Each structure stands twice: as structure tokens, then as C-alpha cells.
Engineer: 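Take this structure, written in C-alpha cells, and hold onto it; I'll ask about it next.
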Amino acid sequence: MLDMKIVRQDPEKIQKMLRDRYVEFDLDSLLDLDKKRREYILSTDDLRKKKNEMSLKIAETKKAGQDADKIIQEMQLVSRQLTELEETQNKTELEYSKLILTLPNIFDQTVPIGEDSSANKEVKKWGDIPKFDFQVSDHIDITQKLNLVDLQRAAKTAGARFYYLRGDLVKLNQSLIQFALDFLDDKGFTLFQPPYMINKKSMEGAIIAEDFKDVIYKIDDEDLYLIGTAEHAMASMYADEILDGASFPMRCAAISPCFRKEAGAHGKDQKGIFRVHQFEKVEQFVFSRPEDSWKEHEKMIAITEEFFQKLEIPYRVMLLSSGDMGKISAKTYDLETWMPGQNAYRETASCSNCLEYQARRLKIRFRDRTNEDTKYVNTLNSTLVATERTMVAIIENFQTKDGHIEIPKQLQKYVGKKMI
RNA sequence: GCGGGGAUCGCCUAGCUUGGUAGGGCGUAGGAUUGCUAAUCCUAUGUUCGCAAGAACUCGUGGGUUCAAAUCCCUCUCCCCGCGCCA
């Protein structure tokens, strides 16, 4: 959520942002609702003042043992008026908050302007693309031959985009998780295992409404939603709290499964475990002071890069364009790993600075002394490793001529072998 | 799941029986006073609208009763104690 003061002061800037993000948004309606809303606040406040004064008078009159019937009658009228006015005000308030919650974040000036991923800017490339002296297979082929993934039976028991991992691939998955947690633990991150389901209020704070229907699974008859990423549970963890300024930066590492509908992805990456309804992810989540958040952002992408370097997987870092990035983010880097089976770099990690946008939705504030004004914290999130997709990269980059998979050196001690 | 108890300002707490301006303490900040290693006193302290003055809101949530609700009634959530169930 943006500060409405900024929107009021500079609607041109917001209009430009909306154009550059290629987002349809009725800014005039928002400005109109904001105006109405403030007018209603003034008039209801006025009426409440009147009511408070009369209430006091009634109490005094009664205490003095006098007849208060006349004032009570007047008060009845005022009360009725107030109830009516409050009803219209509530309606406006509701419309206003619904609308402002869908207004995207202002993005950073370093973000390239463009409609889609074609405008993304490559900022870094690391590692050599492996050359194979044999016909390269994709991860589906390799895992089918080694019997490491059962997609057919998963389709039977759960549906498309589900999978049974089998045998050593289960071990590889756990190894990636364990290695990732050790890696972040060593860097001083606090480890978390969050709730995998959170309530509506928390989810609404963490994401933008339209993501609900395309991404988020709801539990029937409960006020619970399966998290699409640990970010959702981590961001809402400190909702409605005023934190101590001395506790920043709070660098958190969260391990969780992620559940996603992938409703808008029909036909895309249909096979294998590249795009699935559930996967495991170790996430970096940082609560930061506003003045430090850009520094933290660079640090987070550097940490994710270091992790993939340790895994010896070639990658490039893309700075996402205004039209391609998420609506709550002010700046997003994607780390794309080389996938020989697809002969392309594919998104494997994503690192965003949301500035105070997410914290404003969730009312996460801080101050250094109790009598200071509160300020909104900045929130940042980045994938350290999404294990299923990273395993695709490992399987394809580390495939051998005889159809096996070498295990990256760093993971060998965790898996307990050098080859699958 | 059943029975009992609870939720008040950053923290602790009074008020609820009997409806009528939510009081105190701690902490923190600013100020004053006294000067034997510190103490005492004053003021401020959450949210919204506002340049400000100010006003309104705030007693877990949402309803209801009433001229008026922290207080009475109902719903839900969470916490504590006991019982039941259970990896």
C-alpha cells in the first residue's frame, strides 16, 4: 500500500508508474474516494463531538437530579443521524481500502521501463555453459530413465503438475534444503519454519488481491490459505506490531513448502517438475530500516549468487522491467540458471525490495524510543533456493553420457554419494 | 471435542457487580528542583483527519440492547487450567 499523501501530492507520478507497469487502474476513482473519505471523517467527527457533549450534559443533569427527557429526545435524533452517516462512510471506507490495496508500488528509478520480460536487463553472468559431447537430455528424460520421478501416478492421485520424487532424488532434495539452511545459518540468519497455512487477513497483507485467485489455495470451511511462499507467513509475522529500532536488520531464513495454483500458466512448462503445484523453498526474508534496505537488497542477491556458485550452476542475473516485476516490489532481480535441456536460462530465484509498501499493508512499524513517531519498516524477500527447480538445473547440467547425474561437490557429503 | 478462567495504552494493572469524560504504576523522552555517588517533582507517551489549532477514535473481533457500553446480551478468535483424543 502506498502512502495516500504521496498519491495526492503527485498523481502524475503515479499515473506514469501505472503506464510503465502496464497496469489498468482507476486513479481518478481513488482520488475521488480519498476526498470523499476525508470529508466523511470530518462530518462524522463533528457529529460525534456533538453527541459526546450532549451525553455529558445528560449525565450531569441526571446527577443533579433534574429531568433530562428533553435532551435525551434531542440526542435520539443525533444518534440516528450519526448511524446513517456512518453507514455511508463505512461504504466509502470499504471501497477506498479495497482500491488502494490494488495500487502497485512505485518502482525504483534503476528499473528498466518495458512491457514484459523482453525489456529485462542482464546485469551479470556467471559460469561457463557446459559443453556435452553427447546428445543432451532434459530432466524429464533423465529422471524417467533413472526412475526418480513418477508423474503418471501423481497425476492419478493428485492431478497435473504433481509428482512423486523417488529414491536418491528425495535425498538430493533434502540435501539442498540442509545445505541451504547451513549456508544461511553461517551467515547469521535466524532460521524459521513458518505456518504453512495463514488466515485471510495475513494473506491480504502479504500479497495483492488478484494473486489470490491465480496463485493461492484456500482450505474449505476454514479461514486458512496455503502459503505460496514462506514470504507470506514471514511478512505477516510482525503485523500490527511496533518493533524496536535496535533489532534491525532482522535477517530471516525460512524453510517451507510452497503451494501454487499456477492458474495462469496453462500449457507453459507442462511436463516434469519445473513448474509444479508444490515445491520446497528456503527463503531469505529481511526486515530493515528504510535507510538500509537497498544495501540489504544487494546483499541478498549476492548471497543467492554465492549459493549457486557453490553449486557450480551457470546463471545470469536479470533486473526485471517495470512491466514484468511484481506489483508490491520496487525492484526485483531474477537469478536465472542455465537449463541445458531447454537450451535457455530460466528463472530459479527472485529477489525483491518492497520498501515500506508491504509493511504499510501489514502495519509493521518501528521506532527507537517509545515517544518517537513510528516509521514503517522495509521488507525484502529473496529465494535462496527453490529445490525442485534447482534440481532440474542440477540434473541437466550434471548429466553424464551414460544417463546418470553427478552430484555437485558441496552436496556430496549431504547425499552420501557422488553420482545418482 | 467438553468444562472452567481470561484478553484494558510499549509492559504491568484499576474500573465491569450498580452503564454516564478509561485511572494508576513501570519504561522511555523532555524539563525543573535539590546537590554526598542519587533522588524528587512537572509534562509527554497509541490510531485517524489536519500545516496547525483541534477533534474524533481506541478496553481481543464482529454484531445487538440503549439517548449513552470497557461495563449488559449474542457470535467468533486467541491465551491459561483441567478432562478427552492424538503424531
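Because the structure is predicted, anything quoted here is derived from the model rather than measured. Numbered from 1 within each chain, the chains take letters A, B, ... in sequence-line order. Only heavy atoms go into these numbers, but all of them, side chains included; no hydrogens, no water, no symmetry mates.
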Engineer: May I ask you to say what A/Ile242 touches in the nucleic acid, namely base, sugar-phosphate or nothing, with a heavy-atom cut-off under 4.0 Å?
Structural biologist: nothing
Engineer: Under a 3.5 Å threshold, yes or no: a donor from one side chain and an acceptor from the other, between A/Lys331 and A/Ser352?
Structural biologist: no
Engineer: Which listed nucleotide (B/A56, B/U21, B/G20) is nearest to the side chain of A/Lys62?
Structural biologist: B/G20
Engineer: At under 4.0 Å, does any side-chain N or O of A/Asn199 touch on OP1 or OP2 of B/U77?
Structural biologist: no
Engineer: Could you tell me how far B/C76 sits from B/U17 if I compare only their P atoms? Round to whole Å.
Structural biologist: 24 Å
Engineer: Looking only at heavy atoms, which two atoms of A/Glu388 and A/Ile273 are closest? And how far apart?
Structural biologist: O-CD1, 3.8 Å
Engineer: Whether A/Ser79 contacts B/A68 is assessed here as follows: a side-chain N or O lying under 4.0 Å from the phosphate OP1 or OP2. Is that the case?
Structural biologist: yes
Engineer: Return one dot-bracket line describing RNA chain B 5' to 3' (Watson-Crick or G-U wobble pairs, both distances under 3.5 Å; ( ) same strand, [ ] crossing, | another strand, . none).
Structural biologist: ((((((((.[[[[.)....(..]]]](((((((.....)))))))((((....))))..[.[[[..)....]]].])))))))....
Engineer: Is it the case that A/Ser322 and A/Asp20 place a side-chain donor and acceptor less than 3.5 Å from each other?
Structural biologist: no
Engineer: Can you check the distance between B/A14 and B/U77, where both ends of the measurement are the P atom (answer in whole Å)?
Structural biologist: 27 Å
Engineer: Where does the angle between the aromatic ring planes of A/Tyr414 and A/Phe179 fall among parallel (under 30°), tilted (30 to 60°) and perpendicular (over 60°)?
Structural biologist: tilted
Engineer: May I ask you to say whether A/Lys261 pairs ionically with A/Asp214, meaning some side-chain N is under 4.0 Å from a carboxylate O?
Structural biologist: no
Engineer: Does A/Arg38 put a side-chain nitrogen or oxygen below 4.0 Å from OP1 or OP2 of B/G50?
Structural biologist: yes
Engineer: Applying a 4.0 Å non-hydrogen cut-off, can you work out what A/Arg365 is touching in the nucleic acid: base, sugar-phosphate, or nothing?
Structural biologist: sugar-phosphate
Engineer: How are the rings of A/His297 and A/Tyr333 set to each other: parallel, tilted or perpendicular (split at 30° and 60°)?
Structural biologist: parallel
Engineer: Classify the nucleic acid contact of A/Thr44 as base, sugar-phosphate or nothing, counting any heavy atom under 4.0 Å across all strands shown.
Structural biologist: nothing
Engineer: What nucleic acid atoms does A/Ser55 come within less than 4.0 Å of, heavy atoms only: base, sugar-phosphate, or nothing?
Structural biologist: base
Engineer: Under 4.0 Å, counting only non-hydrogen atoms across every strand here, what does A/Asn52 touch: a base, just sugar-phosphate, or nothing?
Structural biologist: sugar-phosphate
